[in-house]
Amino acid sequence: MSAAARRVLVACVGNPDRGDDGVGAAVAAGLAGRLPPGADLVSCSGDLLALVDGCAGYDALVCVDAAAPAGSPGAVQRLDLASGALPPEAACTSSHGLGLAAAIGLARALQAAPRDIVVFAVEGRRFDGGAALSAAVAAAVAGVTELVAAEAVRLCGGSMEVAADA
Amino acid sequence: MTTKTIRVEYLTRVEGEGALELRIDGGRVASAQLNIFEPPRLFEALLRGRGYAETPDIVSRICGICPIAYQMGAVHAIENAFGVRVEGQLRALRRLIYCGEWIESHALHVVMLHAPDFLGFADAIQMAREHGDMVRNGLALKKAGNELMRLLGGREIHPVNVKVGGFHRLPTRAELAPVAGSLERVREHAVALVRWVAGFTFPDCERDYEFVGLRHAGEYPFNEGRLVSSRGIDIDIADFDSEFEERHVAHSTALHAVVRRRGAYLVGPLARYALNFERLPAAVRALAAEAGLGPVCRNPFRSIVVRALEIVYAVDEALRLIAAYEPPDYAAVAAPPRAGSGFGCTEAPRGICWHRYDLDAEGSIVRARIVPPTSQNQPSIEADLAAVATAVLDQSDETIRDRCERCIRNYDPCISCAAHFLKLSIHRA
């Protein structure tokens, strides 16, 4: 397949009104106008059902989402799912909506998922209703935006190198 | 005496947190308790002192899958207190948004949460590898329901467009046209879903339920009707306390509801269907017959078929309402506050959801009471568990556990609404 024909979906996940869960929305704002031709940007909040068939037809999917606190708020992890799944602890705690792991799992089971899937998980600190991003996560937004843009370029067929772990 | 304990630390595909404790003594089930230990969410206390206009947005937060049930219960109760009736197209739009909720909620439960039980899969993702077409159908149905919720409610989760007296904003016919297109496309999926689930193998299980639900003079009920039961209750919704009672029990943070004179009762699809079968359109009744159902179904495991039928009904009803829609001149009728008490009772996907509000002259809430469907069904769930476990008592603990988990999922329980997750303990003496 030629580089120009590759299509990439960048999905920024999270609720902008829930503290650090808003990191996806903040990255989406920074990505506007910075993605290469062939890359589409979508923001997802709440139930990720729409992502299941929304990612069909793309060659690659890049997701940005907040991760549960583990002592290092703002830390960014790049997870390449080309040959794996998100860890079980990334599962959604509600049966009433699909989380990112379930949405990707279901899309794969339905053969609707792109072959290449990369998730950038940004460790959060607080997820209070109505709260802004914590200082640590706010400070990480510019860097994550750069990483996601570079990943989209790479997956669209560009030559920019992306570090294995940020 | 020896006691055997089996635990399921995490019951999957149920919303919320709770536990099941089964005590087996002398070869029989001595007790079956659904222990709901999720901390009370205190919505009723939270509502005290808040203005009536805030209520629909606050109560919609009780549930992400059935927020319309809470919004409709609240607005109807407050309008009842203020002496206001919402009629015509505004009333029709309220039925329409409820159709959206039934479609998305039922499609989620039938395909993603319940069907794996009958086909031997741990979850819908595993099931999707072999039954991809049906999972796609279910997802398409849920998407169509969400579309309807989004247009009428402003967003599909915790909608913001419902208000006392009507809506903040009305949809246009042009905006409804693509939603009708989506519904027309998924109708055949809904019918296929009924035929698919009707072909499942169901455990033999006939329960002697007292069905409780709304009954309206001419409609399959959403927002209005008298409160009736299969054993003769026929009352105005305001008289709920004359026939029903909520009780504290030690093992649940959610109140148990019972018929005062008799005990456990059942709300939800099986009850609605049995009490309103003749209100279903002929096409849905014919589909029910094709699916092997008569006018009454007492096998809780077959509730999946009734839910699927209700999806078809909701799709057809939504299409009918959209076709008949003429935008009214106003989005809401005036609802000047006055002191008083009001009652609302609507048919949430899981059964009747009853509300009472006492308001002061400015329309501030003095007292709120909300009786969600899952808390009403708790005694019935426990009775089912005892019966279902008894039927398989000579089998392995694994079989008992599996059958009990399935028994609970028959109810599509929303434990979070009622007060959240299931841990199963079986004690054998």
Side-chain angles (χ1 to χ4, degrees), chain A residues 11 13-19 21-22 24-25 42-57 61 63 81 84-115 117 119 127-131, chain B residues 10-17 61 63-67 104-105 107-109 111-114 116 121-147 149-150 155-159 349-350 409 412-417 420-422:
Chain A
V13 177
N15 183 341
D17 297 319
R18 286 290 238 176
D21 199 33
V42 63
S43 292
C44 316
S45 180
D47 187 358
L48 299 184
L49 173 69
L51 193 59
V52 174
D53 58 0
C55 66
L61 171 66
C63 299
L81 305 190
L86 281 171
E89 58 268 28
C92 185
T93 55
S94 169
S95 65
H96 282 175
L98 292 185
L100 186 58
I104 291 173
L106 189 55
R108 281 180 160 165
L110 294 171
Q111 301 180 323
R115 187 176 61 91
I117 301 176
V119 174
F127 297 87
D128 308 336
Chain B
Y10 210 70
L11 179 73
T12 54
R13 291 180 273 128
V14 165
E15 184 66 15
E17 295 171 1
R61 297 287 176 158
C63 188
I65 199 81
C66 59
E104 56 96 14
S105 177
L108 174 77
H109 188 258
V111 178
M112 304 298 291
L113 304 178
H114 207 187
F121 295 99
D123 58 42
I125 295 174
Q126 293 184 40
M127 188 180 78
R129 296 188 182 103
E130 289 187 34
H131 299 274
D133 287 347
M134 282 302 157
V135 172
R136 284 187 199 91
N137 285 354
L139 294 178
L141 280 159
K142 186 171 192 310
K143 198 171 170 183
N146 283 356
E147 202 178 334
M149 297 267 286
R150 193 160 52 245
R155 59 189 185 190
E156 63 265 34
I157 301 175
H158 309 314
R350 290 152 193 80
R409 282 193 286 269
D412 186 13
C414 189
I415 294 173
S416 303
C417 277
H420 290 277
F421 216 84
L422 231 62

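Just so you know, these numbers come straight off a predicted model, no measurement behind them. By convention in this document, chain letters (A, B, ...) are assigned in the order of the sequence lines, proteins followed by strands, and residues within each chain are numbered from 1. Hydrogens, waters and symmetry mates play no part in the numbers below; they use all other heavy atoms, side chains included.
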**Request:** Among the options A:A50, A:G105, A:S45, A:A112, pick out the one with the most heavy-atom pairs lying under 4.5 Å from chain B.
**Result:** A:G105
**Asked** Under a 4.5 Å cut-off applied to non-hydrogen side-chain atoms, are B:I65 and B:E104 in contact?
**Response** yes
**Message:** Which atoms of B:D133 are under 4.5 Å from chain A, going by heavy atoms: the side chain, the backbone, both sets, or neither?
**Reply:** neither
**Request:** Quick one: sort the B:H114 and B:H109 rings into parallel, tilted or perpendicular, breaks at 30° and 60°.
**Result:** tilted
**Request:** Determine whether B:L139 and B:V111 make a side-chain contact, defined as any pair of heavy atoms from C-beta on separated by less than 4.5 Å.
**Result:** no
**Prompt:** B:L108 versus B:D412: any side-chain heavy-atom pair under 4.5 Å?
**Reply:** no
**Heavy-atom proximity to chain B below 4.5 Å, by part of A:L106** = both
